[in-house]
Structure formats: C-alpha cells, structure tokens
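First the structure, in the form of structure tokens, and then the observations on it.
Numbers here are sequence positions counted from 1. Whatever order the structure lists ligands and atoms in, that order sets their numbers, starting from 1.
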Amino acid sequence: MSNDLNALEAKLTGEIAAAADLGVLDAVRVAALGKKGTISELLSGLGKMAPDERKSFGAAINTLKSRVAETLDARKSALETAALSAKLATERADVTLPVRLGGMADGRIHPVSQVFDEIAEIFADMGFRIAEGPDIESDDLNFTKLNIPPEHPARQMHDTFYLNTPNSAHGTSASPFVLRTHTSPVQIRTMMSQKPPIRIIAPGRVYRMDSDATHTPMFHQIEGLVIDESTHFGHMKWCLEEFCKAFFEVEQVKMRFRASHFPFTEPSAEVDVGAEAIGKPGQWLEILGCGMVHPKVIANCGLDPDKYQGWAFGMGLDRITMLKYGIPDLRDMFSADLRWLRHYGFSAFDVPTLAGGMSG
Ligand code: PHE
C-alpha cells in the first residue's frame with residue numbers, strides 16, 4: 001500500500017514540476033485533489049477498510065494530500081512570479097526619456113495668464129481668496145459707491161466708456177452702465193455680499209479710452225482687499241513687500257510708498273519698486289495704488305465703519321508682466337500675434353508654485 005502511495009506522490013510531483021503554465025498546473029490539481037481526483041478517491045475508499053488498516057492508511061493519505069497541496073502552492077507561486085517577471089521585462093518604461101508632448105507642445109499660455117497664476121499662488125499662500133466681477137459694471141459700483149459721486153473730477157481721469165441705453169440715447173440721464181475702468185468695484189461687490197473678515201484678490205479686464213505705446217483701451221488689473229476689525233497700513237506694507245519678493249524671486253526688494261490720492265482710500269499711496277530687482281539699477285517703477293479703505297466706502301456697503309477697517313490695492317497686471325519678463329511694448333500683448341506668443345508664452349506644464357519656482 002505505502003509503495004503505491006510513494007509511486008503516486010512521485011508521479012504527481014513530476015507532473016507538477018512539468019506544468020509549464022497555471023492552466024496545466026490547475027488540471028494536475030483537479031486530477032489529484034478534485035472531487036473525483038486520485039487522492040480524493042483513495043480517501044473515499046477508506047470506509048471499506050478494516051478499522052486498523054483505515055487508521056494507518058488514512059494518516060498516510062492525509063500526509064500525502066497535504067504534501068501534494070504544498071507542492072502545488074509552491075509551483076503556483078513560482079509560475080506567478082515568472083509570469084510577472086516576463087511581463088515586467090516586456091513592458092519596461094524608461095522614466096529618463098523626455099516626455100512626448102504631442103499637440104500640447106504647440107499651445108502657449110499668455111504671459112498675462114501666467115502672471116495671474118503666479119500672483120494667485122502667492123496670495124493664496126497668505127490666505128486670500130479669488131473674487132470676480134463683470135466687465136460691464138453699473139456706474140454706481142464703478143464710481144458712486146467708491147466715493148466718486150457724479151461730477152467728481154476723478155470720473156474724467158478714468159476716460160470711461162459709457163454704454164448706450166435707452167435713457168442715455170434720449171439724453172435724459174447719464175448711462176447707468178460702463179465698461180469698468182478698474183477692478184475696484186469688486187471691492188464693493190465683495191463687501192456687500194460677505195461678512196468680514198475679508199481677504200480677496202480680484203483679477204480682470206478693465207477699460208479706458210486711451211491708446212499709445214504704454215496704454216491700451218483694454219488692460220488688466222488685480223485688486224486686493226482686506227477687511228477686519230484691526231488690520232492696518234503696516235499689514236498692507238508687509239503683504240505687498242512679501243508679494244514683491246516672491247513675485248520677482250529676490251531675497252530683498254526696494255520699495256517706495258509715495259503719498260497719493262484716491263477717493264476710495266485714505267490715506268492713499270502709490271508704490272514703486274527699485275528696478276534693480278529686474279536688472280535696471282537706479283530706476284523706480286510704479287506698480288500699484290493702495291490705501292486704507294475710506295470709511296464712507298465701508299458704510300456704502302452696509303458695514304459699520306466704526307467696527308471694520310481695511311486696506312486695498314490695485315495693481316497693473318500687464319505692467320508687472322512686462323517688468324518681470326522684459327516685454328517692451330504693451331500693444332503687442334493684445335495683438336494676438338502667434339510669433340509673439342511663441343516667443344513670450346509659457347508651456348502648459350510651467351505651473352507656477354511657491355515650492356517649485358514662480359517662473360517655471
Ligand atoms: N483703482 C485704482 C486705479 O485704478 C487703484 C487702487 C485700487 C487704488 C485700490 C487704491 C486702492 O488706479
């Protein structure tokens with residue numbers, strides 16, 4: 001009897017070792033351990049044996065059964081490992097190869113879009129959110145609520161595009177709609193719809209009737225607004241300084257706050273940066289207007305100016321784009337010239353991050 005078992009074991013071991021793939025191996029398993037397999041049949045024959053014989057023979061078959069099961073498992077995992085290695089060998093990826101860009105390589109991100117992404121990244125890190133407003137704005141939000149009443153001389157300075165409406169066409173009253181002359185109406189929209197503390201930046205197109213080498217009728221600004229119960233001019237200076245250092249990617253930046261006037265801020269300032277940051281020592285370049293939000297503006301938005309205070313700034317996006325990337329003529333920025341875009345534009349993969357670098 002035990003000779004028969006030894007022979008069976010040798011036969012099965014041989015078949016297992018010879019199984020070249022998982023399918024063949026499984027057939028061997030079924031033929032030995034399946035319901036009608038050789039080993040299973042031997043086990044079911046036990047019932048017909050004398051008790052003594054059954055005891056010793058049963059133990060021997062069970063030992064055989066577990067040894068065969070072990071051999072099957074070992075062969076199975078060996079075959080699986082071999083299959084995986086074969087797959088890895090044929091599907092190898094060389095991660096040092098350059099990326100195949102395809103069509104993605106042809107498209108370019110406009111420098112103004114790129115710079116906006118850079119600015120958003122820097123201010124997001126300081127806890128600012130992004131707010132937006134429409135290009136067609138009411139006269140009330142663009143001027144009146146910003147403490148620029150009708151007949152105020154600042155309205156002339158803005159060279160406003162007024163929209164024709166039935167009213168203005170009949171000459172009965174001024175048009176209530178304009179192409180916004182600055183992003184400051186987004187300050188109003190934000191204060192009217194959100195409770196302080198407020199920390200936002202608002203990018204967008206603005207329009208003024210003006211056109212020469214340094215002015216285009218449409219250009220871009222980015223507004224900043226912070227409102228809470230105690231923020232002050234010093235916080236504004238710090239934020240703007242941190243912004244300039246991160247944006248121009250320099251350790252130190254020379255800044256000059258010049259007293260200025262805006263109807264919606266008091267006190268007001270204009271900010272120049274020392275142009276050595278961009279390789280032009282000795283020159284100052286104006287980049288933004290700013291100030292403490294006028295209490296009247298806060299009240300116009302339905303907030304209590306005795307409780308809340310804050311500061312705002314408005315920066316010329318195109319201007320700092322030209323400064324940072326050495327673009328000489330503002331008009332080229334909006335001429336939709338593919339050659340210009342190929343030269344000055346950015347790859348879609350140049351996503352600015354504080355950790356990875358601002359200018360890609
Ligand atoms: N809106 C102003 C302009 O267009 C800039 C500004 C914004 C100034 C916010 C102060 C505060 O010139």
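- Aromatic rings of F262 and H182 (six-membered ring for Trp) have centroids beyond the 6.0 Å cut-off, not under it.
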Taking distance alone, no hydrogens or angles, what donor-acceptor pairs closer than 3.5 Å link side-chain atoms of residues 76-86 to residues at least two apart or in another chain?
{"unit_1": "S77", "atom_1": "OG", "unit_2": "A74", "atom_2": "O", "d": "3.2"}
{"unit_1": "T81", "atom_1": "OG1", "unit_2": "S77", "atom_2": "O", "d": "2.7"}
{"unit_1": "S85", "atom_1": "OG", "unit_2": "T81", "atom_2": "O", "d": "2.9"}

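- For an aromatic pair to be called close, the ring centres must be under 6.0 Å apart, and Y325 with F346 satisfies this.
- Counting only heavy atoms from C-beta outward, the side chains of L43 and N62 approach each other to under 4.5 Å.
- Close placement of the F313 and F123 rings is indicated, their centers lying within 6.0 Å of each other.
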Any protein N or O within less than 3.5 Å of an N or O in ligand 1? List each pair with its distance, or say none.
{"unit_1": "ligand 1", "atom_1": "1 (N)", "unit_2": "H182", "atom_2": "ND1", "d": "3.0"}
{"unit_1": "ligand 1", "atom_1": "1 (N)", "unit_2": "S184", "atom_2": "OG", "d": "2.9"}
{"unit_1": "ligand 1", "atom_1": "4 (O)", "unit_2": "R208", "atom_2": "NH2", "d": "3.0"}
{"unit_1": "ligand 1", "atom_1": "4 (O)", "unit_2": "Q221", "atom_2": "NE2", "d": "3.0"}

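- Taking the six-membered ring for Trp and the full ring otherwise, W340 and H110 have centroids separated by under 6.0 Å.
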